[in-house]
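Structure, as structure tokens:
A, B, ... follow the sequence lines: proteins, then strands. Residue 1 opens every chain.
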Amino acid sequence: MSHPQAAEPPAAPPPAADGLTPLLEGTVDCVRRETLAERVARGEPLRVKWGIDPSAPDIHLGHTVPMRLLRRWQRLGHRPVIIIGDVTARIGDPSGRSATRPQLTPAAVEANARTYLDQLFCVLEPAGVEVRRQSEWFEGFDLQQMLQLASAVTVAQLLQREDFAQRLREQRPIGLHELFYPLLQGYDSIATTADVELGGTDQLFNLLLGRELQAAAGQPPQVIVTVPLLVGLDGHRKMSKSLANAVGVQAPAAEQFGQLMSLPDEQIGPYLALVTDVAPERRRAILAGMAAGTLNPRDAKAEMARAVVTAFHGDAAARHAEAEFTQVHRAHQRPTALPVAAVLAGGPQDLRRLLVAAGLAGSLGEAARLVRQGGVRLDEVRVDDWRIPVAPSPGTVLQVGPRRFVELASADPAALAPGVERT
RNA sequence: GGGCGGGUACCGAAGUGGUCAAACGGGGCUGACUGUAGAUCAGCAGGCGUACGCCUACAGGGGUUCGAAUCCUCUCCCGCCCA
């Protein structure tokens, strides 16, 4: 990553003589704070733009950092203008990436865009939100308009962007289409007459370019507000679906809880600040407790995880997820509900084939390896030789590793043993 | 159009005729330990066959050779320099 952003909770903002604290608390940069202060002082409801590319099916926790800020503005009387980047998603935002992204097909983008609409309102309140798609204005864009847009900036200007500059330096490819990304995003601000645009700190370049394009189009340039980037579960890189370090807002409660528990301890503070509503005093108490050694980081992390899961699934589901987690990972017991695999033939079977059929191994070789390494259990009893066929009865629990469980059932539906619970 | 350097497993990257199913790092997985799916330590890691073995794989095609990721050739793709 070219510019890893420590997602430290930002320092307390300066005393808010201009009354902007409620709008800017927890943010990183604000470009043209004076402009913002004036307009807010006049009581103007502002059009606050935030864009998201439907480049993956799920919105994740990282997206919710700007979304939560947007919600705050919304509650203070401003209008969220959400841009679904159904055109830029086909380019793939190269921000902060060191490689060209694969381009998505329009159909894939469309499918993702649909799922986003629901997910947005996991955080935002629907009333008064303006949701727009880029295709509304780019569908009819002609070459003339494209060239005119492109003439507003220079190549040198675009190449200042750190990820482009870095790739150029390292002699790695930069697709010409990628240079258009900031232009398109900037044009969105013109099309929606944005007064303010929010984004992660990695978006600063794009956001600033939006100001220039607006000015060139005769519009007052938008105010820019950036928020810290949320570090992913690996504890180092920005949360991103493609880095497989993301927590989906629609993931099941148990999965979210477990993923959050795998977060490195140093990120507990940033997560509390960025993706929970835990009060600042409580946050400080938690961090102080960990520093003093009086609070087990595991418990602090569990509190954070519970707060996050509660926001998406409610209190009961969050408590249940925590209880299950404790049961499986601390007490090393099976979870209360298990997936059922109808794979039993009724006689002795090759354990490897059972594992593959139950979806616990990808190949016979992998299955053999899991058994050899001692990772396979039948009803809690380790089985370490796959060459001896096994004949488990329906209801037996097949386990791989510490956290993958499957309840075995007969492959023949007619022979389903009575009393076997199907889920 | 010319010159040069590249394309290796999920990712990055070694290897430049046999001992290569391919070093090393990351990611993944298993075990031990534990405060968790965290940290640390150990190990595993193409597919099929219950050892020996076979098949597929080092951008793609063709070739040389007893034998090729490695040599030749054509094609495709990427980067740099020159035009």
Side-chain angles (χ1 to χ4, degrees), chain A residues 1-2 4 97-102 164-178 231-237 239-247 251-271 286 289-290 293-306 308-309 321-335 348-356 359-377 382-390 398-405:
Chain A
M1 198 104 302
S2 55
R97 297 183 132 253
S98 50
T100 308
R101 280 192 149 184
F164 289 146
Q166 184 189 4
R167 279 196 268 167
L168 204 57
R169 240 184 282 125
E170 294 173 3
Q171 308 196 341
R172 280 180 305 164
I174 300 171
L176 181 57
H177 67 293
E178 294 181 84
V231 167
L233 294 172
D234 55 38
H236 300 290
R237 296 176 298 179
M239 181 172 283
S240 145
K241 177 87 174 182
S242 55
L243 294 174
N245 63 2
V247 179
E255 185 180 328
Q256 288 182 338
F257 193 91
Q259 288 179 322
L260 288 165
M261 288 304 286
S262 75
L263 188 74
D265 295 348
E266 315 79 68
Q267 290 298 325
I268 295 172
Y271 269 58
I286 290 171
M290 282 198 294
T294 55
L295 175 62
N296 187 330
R298 182 196 63 193
D299 298 326
K301 206 189 291 182
E303 182 171 342
M304 177 278 290
R306 201 186 323 122
V308 172
V309 175
E322 181 172 16
E324 285 285 316
F325 186 86
T326 304
Q327 181 171 331
V328 172
H329 297 290
R330 279 209 259 166
H332 299 293
Q333 291 165 359
R334 67 174 66 161
Q349 277 172 276
D350 185 328
L351 179 57
R352 295 173 310 161
R353 290 179 197 285
L354 218 46
L355 285 162
V356 172
L360 294 171
S363 67
L364 297 181
E366 185 188 348
R369 181 185 120 212
L370 289 168
V371 175
R372 186 173 357 106
Q373 295 185 137
V376 176
R377 290 162 199 264
R382 179 171 290 174
V383 183
D384 53 16
D385 188 353
W386 58 268
R387 286 170 298 190
I388 301 160
V390 293
L398 179 59
Q399 175 183 358
V400 170
R403 66 178 209 272
R404 293 155 70 205
F405 301 84

So if I define the base as every atom that isn't primed, P, OP1 or OP2, how would nucleotides 48-55 of chain B read as a B/S/- string at a heavy-atom cutoff under 4.0 Å? SSB-----
Pairwise P distance, B/C66 and B/A13 [rounded to whole Å]: 36 Å
Test of understanding: with side chain to side chain donor-acceptor pair (under 3.5 Å), list the residues that count as partners of A/Glu322, not counting sequence neighbours. A/Arg306
If you round to the nearest 0.5 Å, how far is CG of A/Asp234 from CE of A/Met239? 8.5 Å
Applying side chain to side chain contact (heavy atoms under 4.5 Å, CB included) to A/Met304 and A/Leu263, what does each step give before you reach the verdict? CA-CA 11 Å; A/Met304 177 278 290; A/Leu263 188 74; 3.8 Å; yes
Could you tell me which residues satisfy salt bridge (Lys or Arg N to Asp or Glu O under 4.0 Å) with A/Glu303, sequence neighbours excluded, listed by chain and number? A/Arg282
Pairing nucleotide - B/G67, Watson-Crick or G-U, each distance under 3.5 Å: none
Rounding to an integer number of angstrom, what distance separates B/G17 and B/C58 when you compare their C1' atoms? 15 Å
Which of B/C29, B/G31, B/G35 is nearest the side chain of A/Pro402? It is B/G31
Please identify each residue that fulfils salt bridge (Lys or Arg N to Asp or Glu O under 4.0 Å) with A/Asp265, with sequence neighbours left out. A/Lys301
Can you name the residues that form a side-chain contact (heavy atoms from CB on, under 4.5 Å) with A/Leu168, not counting sequence neighbours? A/Leu159, A/Ile174
I'd like the P distance from B/U56 over to B/U8, given in whole Å. 22 Å
Would you tabulate the side-chain donor-acceptor contacts of residues 382-390 of chain A under 3.5 Å, counting partners in other chains and residues two or more places apart, or write 'none'?
| residue | atom | partner | partner atom | Å |
| --- | --- | --- | --- | --- |
| A/Arg382 | NE | A/Gly374 | O | 3.0 |
| A/Asp385 | OD1 | A/Arg387 | N | 2.9 |
| A/Asp385 | OD1 | A/Arg387 | NE | 3.2 |

The criterion is salt bridge (Lys or Arg N to Asp or Glu O under 4.0 Å); which residues satisfy it with A/Arg352, sequence neighbours excluded? A/Asp350
Is the base of B/G35 touched by the side chain of A/Asp299 through a donor-acceptor pair closer than 3.5 angstrom? no
Both A/Gln259 and A/Arg372 contact RNA chain B. Taking the nearest nucleotide for each, which residue is further toward the 5' end? A/Gln259
Considering every strand shown, what is the Watson-Crick or G-U wobble mate of B/C76 when both distances are under 3.5 Å? B/G7
For B/G1, what is the paired nucleotide under Watson-Crick or G-U wobble rules, both distances under 3.5 Å? B/C82
Any protein N or O atoms within reach of nucleotides 39-43 of chain B? Criterion: under 3.5 Å, listing atom names and distances.
| residue | atom | partner | partner atom | Å |
| --- | --- | --- | --- | --- |
| B/G43 | N2 | A/Gln373 | OE1 | 3.3 |

Let me have a per-nucleotide readout for nucleotides 21-27 of chain B, 5' to 3', with B, S or -, counting only protein heavy atoms under 4.0 Å. -------
Tell which nucleotide pairs with B/G49, taking only Watson-Crick or G-U wobble pairs whose two distances are both under 3.5 angstrom. none
Output the distance between atom CZ (A/Arg298) and atom CE (A/Met290), rounded to the nearest 0.5 Å. 13.5 Å
Applying side chain to side chain donor-acceptor pair (under 3.5 Å), name anything that partners A/Gln259, two or more places apart in sequence or on another chain. none
B/U19 to B/C71 separation - P atoms, rounded to the nearest Å: 16 Å
Please report the distance separating the C1' of B/A32 from the corresponding atom of B/C24, rounded so that it comes out in whole Å. 25 Å
Measuring only the C1' atom in each nucleotide, how far is B/G67 from B/U16? A whole number of Å is fine. 16 Å
Whole-Å P distance, B/C11 and B/G28: 15 Å
For B/U19, which nucleotide is its Watson-Crick or G-U wobble mate, given both distances must be under 3.5 Å? none
Distance test, side-chain N/O of A/Arg330 to OP1/OP2 of B/G38, below 4.0 Å: no
Candidate nucleotides B/A37, B/G31, B/G35, ranked by approach to the side chain of A/Arg382 - the nearest: B/G31
Expressed as a whole number of Å, how far does the P atom of B/A23 sit from that of B/G46? 10 Å
Heavy atoms under 4.0 Å, any strand shown: does A/Pro297 hit a base, just sugar-phosphate, or nothing? base
Of B/G35, B/U30, B/A37, the nucleotide closest to the side chain of A/Val400 is B/U30
Looking at residues at least two apart in the chain, or sitting in another chain, which of them share a ring pair (Phe, Tyr, Trp, His ring centres under 6.0 Å) with A/Phe257? A/Phe325
Find the partner of B/U40: check Watson-Crick (N1-N3 plus N6-O4 or O6-N4) and G-U wobble (N1-O2, O6-N3) distances, both under 3.5 Å, and reply none if neither fits. B/A32
Output a table of nitrogen or oxygen pairs between the protein and nucleotides 77-83 of chain B separated by less than 3.5 Å.
| residue | atom | partner | partner atom | Å |
| --- | --- | --- | --- | --- |
| B/G79 | O2' | A/Gln171 | O | 3.0 |

